[in-house]
Structure formats: C-alpha cells, structure tokens
J.: 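Here it is, the structure, as structure tokens.
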Amino acid sequence: MIPLRRLFCRSFSLRSLVLKGSNYVSDIPENAPTLQENAAWLNRLAVRDGHGKILKIDDDNDGKIEEDTYEIKQKSGIDNPDTNDHFISFKSKKTKRTYNVVEQPSNPDGYHILSVPTSAYDIASSPYSTLSSRWRPKSDSVQSFSDLKVVKLRSGRGGSGMVSFCRDAGVAVGPPDGGDGGDGGDVYIMAVKGLNSLHGVKTRYIAKGGLNGSAGQLDGKKGEGMVITVPVGTTIRWCPKPVEIRSLQKDPDHLNKVFHIKTVGQFYDDRIPIDIQFFRHSYAIGKGWVFKDKDEEYHLQKEYFLKLRDSVRLFDKQSRYDEIQRDRFPVDGIDLSEPSTEPILLLRGGRGGLGNMHFLTPDIRNPRFAKLGRDGLEENFIFELKLLADLGLVGLPNAGKSTLLRAISRARPKVGHWKFTTLQPTIGTIFLRIDQPPFTVADIPGIVEGAKENKGMGLSFLRHIERSGGIIFVVSLGNKDPVKDLQILEEELGQDRLDGKNKLIVATKADLDGTKEQFGLLKDYCSQKGWKCVPCSPKTGGNVETVIQLMAECSGKMND
Ligand SMILES: Nc1nc2c(ncn2[C@@H]2O[C@H](COP(=O)(O)OP(=O)(O)OP(=O)(O)O)[C@@H](O)[C@H]2O)c(=O)[nH]1
Ligand SMILES: [Mg+2]
C-alpha cells in the first residue's frame, strides 16, 4: 500500500531537520511542502480572489449546504410566456423535445431554470407490472429482456486529510506530515458490442470512497471507480428521484406541477440549456475541518487559525468552482449508438481533503487540523435501450408479424393464435445476394387502438424502431376491415414518427378464402397515399421472396 518511492524518501531523504539543543539529525520526507511553500500558496490564493470568476460563487458562511439540482413546483406565472418576459421556448434539434427556459430571478452562478412538465419523466410500466410474478406472462426466451431501467448512481466521497506529526527516534513531535485523502471513485459508462438487453444492468451503482491520508505524508488511495457496460443503442437521460416521480403520479394535481431544473448554457449567461447542473451536498465554503487533540472551539479562539481559515476558504471556493464546472450532464442525454472506445465519465468522485502538512506556516508550527474530503454525487438516470434495426414491423396483435419474421429470417420469435404473444422485441437479419449488404428487421409487440393512452402494451416499444430507416405496416387480410386497421396504426404512431421514413404495407394471411376483395380495397387506399402494398402468406411461404425484395428497398440499404 505504501508507495516504494515514499518509503525510500522516508528512510533516505536528503533534507534534514536539525533539532535545536541536540546533535540529533532527523530525516523528513523530501516531498514535504516547506513552510515557505505553504505561505506562498496561501498568499497566492488571496491574490487570485482579487480578480477572477471564483468571486461569483456565493460564500455565505452560514454553514448551509448547497442547492439541489431541481425542485418540484406548482405551474405558475414563471412558466407562462404571457406573464413572464424572461421566458423562452425552443425545440431541440437532437431530441425534438420542446424546452421552456426561465431566467432565474437571482442568478449568482449563471444558471437558468428549465421548466419540464412532470409527464416528461413518467416512467412507463408494463401492463403486467401490477401482477405478481406468478401470474405475469413469461417471456419468449429463457433469457430475460429489459429495455428500460432507472438507475441510481453514486460517486465516491473523498477521503479526509490526516493530522499527524513526524516522529522519530529522539523526536517526539516533529513537523506535520499528515497526507491528503484520496479522491472518491468515479462512475463511468461504456457501450459494448455483444449485449442486447439491459437486464444485466443493476438498479444501483455505488463507487468506493477515497481512503483517508496517513502519517508520513502518505496520500489515501483513490476510491475504486465503476464502469457500467451497456449494449450499443442505449441512451441515458438524467431523471429526478423515482420516489418523487411515483408520489407525483398519485397526486391528482400532478399535471399542474413542473420540475424546475437548474441548467447551464454553453457560455456564462447563455439561456439555451446544454447541461444540467449537479450540486454536491458537501460542507459549505470554509467548513469541513477535522481536529485532533484540541477541538474546534479551541481553534476558533486562536487568531492564527482564523487567518488561515480565511485563506483556505478561498481554496474551497476554487474547489467549488471546479466542481460546478465539471459536475454537469447533457440536457439531451447521451446516445451510445456506437461502441465506446473508452469509458465515458458520468459522475466524478469527491476530492480528497488536505492533510495537515499543508498548514505549516510561520505562525502555525503544529497544525492540529486537516480537511474533510468532498462528498460524491448521487443522481438518477433513465437507461433506455433502443435496438438498432433497419426496419420495424408494426401491426395490430395477431396480424402475423412474428410469423413474417420467421419466414424471412432465421430469427425465431414465438407465434401464437392469441393476442400479445410477443412481449419483447426480436431482431432478424436478412441476407440477400453476396453483393448486397444484409439488413435487419425488428419484430415488436402489437399495437392496439388507444395505445397512445397506454392501452395494451402501450407505445413504449416504438423506441426500438425510432432510429430505423423504414416502417413495415403488417395488416392481416383475415380481419374484417384491413383499411381501418391500417388507419388505426397510422393514428397511434402519429405523423411525427412517420415523417421521413420509408413505408411498406405487407398484407398477411392472403391464403385465407375471400381475402382478394379486402386486398383490393387496401391497395386502393395505399396507392392514394403513394405507399407500396404487397400480399403474402408467411405461414405457407406464399410471395415471401417479393416481400423480402420490397423490404430491402424500403430499408434504403440496397446498392444500385
Ligand atoms: N392462415 C394464416 N395464418 C397466419 C398467417 N400468418 C400468421 N398466421 C397466424 O396468425 C396467428 C398470429 O400470428 P403471430 O405471428 O403470432 O402474430 P403477431 O402479429 O406476431 O401477434 P402478436 O405477437 O400477438 O402481436 C398465428 O396463429 C399464426 O399461425 C398466414 O399467412 N396465414
Ligand atoms: Mg408476435
């Protein structure tokens, strides 16, 4: 544990301490900050404070801990463009979400308030989630699948500095030699190939804290970090505490409430939010001391301590400024659509506290105090897996989507004559000729009328086809009115989801008697819209080749 270099320094250092009144010469570590160095460092802090941004940070010495990232508020004038001049509303190009930003009345740290309706964080639950595990339908495969997780992450707390004095043969109390605390562990995320579900992601990750410093100027070890591995295609969004979201959902007035989230722009005072600002619930500026032998009360009566404390307040301010600059997370979240080349930092660990060796000054010969480490961060995130398929199969339950995917690829989704056979998405890969790139098709659970209002399996599964190039509407000719079925699907998906995507209509179960007329009506409807429509019977294999060709065109991946 003790670095060799330091051990070496302890035993054979070059600088010596000659004790008055004795001939004894004691070795002290070579890397110890000298009295002059410490004095110069404290002076430099004072100069820096004269001009520079760190002055902007509120430094009330009232012992209050810092702000929260967000607050839940009643919708008020502040969120209303008619009554608030400082209100702006804009649409993010990346996520297509509309944001309302309100200038904060008092704005000491340069952040603004992003007003987000509570519905934005509704964590959709499966329609079966109220059932006990015994009655819940079992998934199609042995391996469980999960595409949404709310995860609590916590970075490690910094270790405390040590109060210790050099002791040696003949030296009862030497110069201070307490080392600094180690920094807390960080939390990282990494997208890797080969995973296709979030079921292995835990609901809580806690990085280790840094170790305290030790005697002999040994700094504490840095806390072990955490690397969370997720499948490629995962997106990560910050979210408020799930307990608060759940209790809000029970509140009949929740639609009138908003989350006021503190955000910062690219530049100071920039109102277009780029990042969410996190705050550490750590000690206030000037606080966070560890005392040994003599307590705080004793030290507060000493002039030398009060003077030193003022200088160290400036150091705390600088540390707090660094934290404010770094503890941020993109408002739009992180989209891990490519495998990560290196881990991405989500939450940084707290900084370790200073050991007492830093407080040796001309006035203070035996500093019996050191600083505590800074706290880590604790935040919640929504991990959402958006499978990456070139095409998505969208249809009412029992339309024959899974049968179609089985017919065109080697994927084996479960088929059944009851509704909602498919409970989790499956991706099939279709290989054409050798000179053509393969394309992928995702089979997702069926969509019913009213899915928008969370009927059936809801619309949450559409996240898997959000990034696909085309949508395949699967309509059963065995149903009474296929045109009506198609209209329901269009209505449920909404124009926003359909825009900019290739579309193909596959009419299944064409082998059934009396479906010709149905197909004629469907074809007419599709040609009015300019969409291609093809009949087939995946069960008997009829016309499947044509369907594959049309799908390949629809995927937009065909070579000329
Ligand atoms: N006659 C006939 N029956 C079919 C055809 N395709 C599918 N079926 C039947 O329709 C029923 C439903 O098929 P699935 O493939 O499970 O339908 P799905 O759209 O995946 O259904 P969900 O997963 O519940 O949304 C099954 O009983 C199939 O055997 C077809 O071309 N002809
Ligand atoms: Mg199915």
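First listed ligand is number 1; within each ligand, the first listed atom is number 1. Please read all numbers here as calculations on a predicted model, not as lab measurements.
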J.: What residue among Gln277, Glu244, Lys241 forms side chain to side chain donor-acceptor pair (under 3.5 Å) with Tyr70?
T.: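 In the set Gln277, Glu244, Lys241, the residue that makes a side chain to side chain donor-acceptor pair (under 3.5 Å) with Tyr70 is Glu244.
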J.: Within ligand 1, which atoms have a heavy atom of Gly416 less than 4.0 Å away?
T.: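 Heavy-atom distances to Gly416 below 4.0 Å select 11 (C), 12 (C), 13 (O), 16 (O), 26 (C), 27 (O).
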J.: Test Pro538 against every option in Val415, Val506, Thr403, Leu405 by the side chain to side chain contact (heavy atoms under 4.5 Å, CB included) rule and name the one that passes.
T.: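 Exactly one pass, corresponding to Thr403.
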J.: Nearest non-hydrogen contact with atom 13 (O) of ligand 1 belongs to which option: Asn543, Leu393, Thr403?
T.: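 Comparing heavy atoms across Asn543, Leu393, Thr403, the nearest one to atom 13 (O) of ligand 1 lies in Thr403.
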J.: Where does Val474 meet ligand 1, judged by heavy-atom distances below 4.0 Å: at the side chain, the backbone, both, or neither?
T.: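 Contact part for Val474 vs ligand 1: neither.
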J.: Starting from atom 28 (C) of ligand 1, locate the nearest protein heavy atom and write down its residue, its atom name and how far away it is, to 0.1 Å.
T.: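 Its nearest protein heavy-atom neighbour is Val415 CG1, 3.8 Å.
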J.: Among all the protein's non-hydrogen atoms, which is closest to atom 8 (N) of ligand 1, and how far away is it?
T.: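 Among all protein heavy atoms, the one nearest atom 8 (N) of ligand 1 is Lys509 CE, 3.6 Å.
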J.: Under 4.0 Å between a side-chain nitrogen and a carboxylate oxygen: does that hold for Lys222 and Asp186?
T.: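 So Lys222 pairs with Asp186 through a salt bridge.
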J.: Is there a heavy atom of Gly395 sitting under 4.0 angstrom from any atom of ligand 1?
T.: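 No, that is not the case, since the closest heavy atom of the residue is not under 4.0 Å from the ligand.
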J.: What are the atoms of ligand 1, with element, lying closer than 4.0 Å to any heavy atom of Trp418?
T.: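 Taking each heavy atom of Trp418 in turn, ligand 1 has 24 (O) under 4.0 Å.
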J.: Any nitrogen or oxygen of Ala510, main chain or side chain, under 3.5 Å from a nitrogen or oxygen of ligand 1?
T.: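 Checking ligand 1 against Ala510, no N or O pair falls under 3.5 Å apart.
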J.: Backbone or side chain, does any N or O of Asn398 fall under 3.5 Å from an N or O of ligand 1?
T.: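 There is such a contact, yes.
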J.: Looking only at protein heavy atoms, identify the closest one to atom 30 (C) of ligand 1 and say how far it is in Å.
T.: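 Looking only at protein heavy atoms, the one closest to atom 30 (C) of ligand 1 is Lys539 CB, 3.4 Å.
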J.: Taking all atoms of both residues into account, what is the closest heavy-atom pair of Pro413 and Thr426, and its distance?
T.: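 In this case the closest contact between Pro413 and Thr426 is CB-OG1, 3.9 Å.
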J.: Around atom NZ of Lys532, are there more than 12 heavy atoms from other residues, nucleotides or ligands closer than 6.0 Å?
T.: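 Open.
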J.: Quick one: nearest non-hydrogen protein atom to atom 25 (O) of ligand 1, plus distance?
T.: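 Result: Lys401 NZ, 2.9 Å.
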J.: Walk me through it: do Val264 and Arg328 pass the test side-chain contact (heavy atoms from CB on, under 4.5 Å)?
T.: CA-CA 9 Å; Val264 284; Arg328 295 174 176 181; 3.5 Å; yes
J.: Just heavy atoms, cut-off under 4.0 Å: does Thr421 contact ligand 1 by side chain, backbone, both, or neither?
T.: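 The answer is both.
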J.: Kindly indicate whether the side chain of Thr69, heavy atoms from C-beta on, has any atom under 4.5 Å from the side chain of Phe279.
T.: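 They are in side-chain contact.
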J.: Tell me which part of Leu512 gets within contact of ligand 1: side chain, backbone, both or neither, using heavy atoms under 4.0 Å.
T.: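 Near ligand 1, Leu512 shows its side chain, while the N, CA, C and O stay back.
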J.: Go through the side-chain N and O atoms of Gln74 and Asp253 and say whether any donor and acceptor fall under 3.5 Å apart.
T.: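 Note: Gln74 and Asp253 side chains meet the donor-acceptor criterion.
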J.: Could you walk me through whether Asp335 and Arg467 pass salt bridge (charged side-chain N to carboxylate O under 4.0 Å, His left out), step by step?
T.: CA-CA 12 Å; Asp335 189 351; Arg467 294 190 266 202; 2.7 Å; yes
J.: Using a strict cut-off of 4.0 Å, indicate which atoms of ligand 1 neighbour a heavy atom of Ser537.
T.: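 It comes down to these atoms of ligand 1: 31 (O).
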J.: Give the atom numbers and elements of ligand 1 that come within less than 4.0 Å of a heavy atom of His417.
T.: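 Contacts of ligand 1 toward His417, numbered from 1: 27 (O).
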J.: If you look at every heavy atom in Val150 and Cys239, which pair is closest and at what distance?
T.: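 Result for this residue pair: CG1-SG, 4.0 Å.
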J.: Quick one: do Asp375 and Arg157 satisfy side-chain contact (heavy atoms from CB on, under 4.5 Å)? Show the steps, please.
T.: CA-CA 4 Å; Asp375 280 7; Arg157 184 198 172 117; 3.3 Å; yes
J.: Any nitrogen or oxygen of Asp443, side chain or backbone, less than 3.5 Å from one on ligand 1?
T.: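 N/O-N/O distance below 3.5 Å does not exist for this pair.
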J.: Mark up the atoms of ligand 1 that fall under 4.0 Å of a heavy atom belonging to Asp511, in ascending order.
T.: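 Matching atoms, with element in brackets: 1 (N), 2 (C), 30 (C), 31 (O), 32 (N).
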J.: Which of the numbered atoms in ligand 1 are below 4.0 angstrom from a heavy atom of Phe420?
T.: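 Within the 4.0 Å cut-off of Phe420, ligand 1 contributes 24 (O).
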J.: Between Lys539 and Asp511, is the closest basic N to carboxylate O distance under 4.0 Å?
T.: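 Salt bridge: no.
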J.: What do you reckon, does Thr422 have a nitrogen or oxygen under 3.5 Å from a nitrogen or oxygen of ligand 1?
T.: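 Yes.
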J.: Is Thr540 close to ligand 1, meaning an N/O of one under 3.5 Å from an N/O of the other?
T.: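 No.
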J.: Using a strict cut-off of 4.0 Å, indicate which atoms of ligand 1 neighbour a heavy atom of Gly446.
T.: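 The atoms of ligand 1 under 4.0 Å from a heavy atom of Gly446 are 25 (O).
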J.: How close do Leu396 and Ile447 get, counting heavy atoms only, and between which atoms?
T.: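 Taking every non-hydrogen atom into account, CD2-O, 3.1 Å.
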J.: Looking at Lys503 and Glu490, is there a salt bridge between them, counting it only when a charged N and a carboxylate O are closer than 4.0 Å?
T.: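 A salt bridge is absent here (no side-chain N lies under 4.0 Å from a carboxylate O).
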J.: Write out the residue and atom name of the closest protein heavy atom to atom 20 (O) of ligand 1, then the distance separating them to 0.1 Å.
T.: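 Its nearest protein heavy-atom neighbour is Ser402 OG, 2.8 Å.
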J.: To which protein heavy atom is atom 17 (O) of ligand 1 closest, and what is the distance rounded to 0.1 Å?
T.: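 Protein heavy atom with the smallest distance to atom 17 (O) of ligand 1: Gly400 N, 3.2 Å.
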J.: Given atoms OG of Ser402 and OG1 of Thr422, what angle do they subtend at the Mg ion (ligand 2), to the nearest 10 degrees?
T.: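 The two atoms subtend 90° at the Mg ion (ligand 2).
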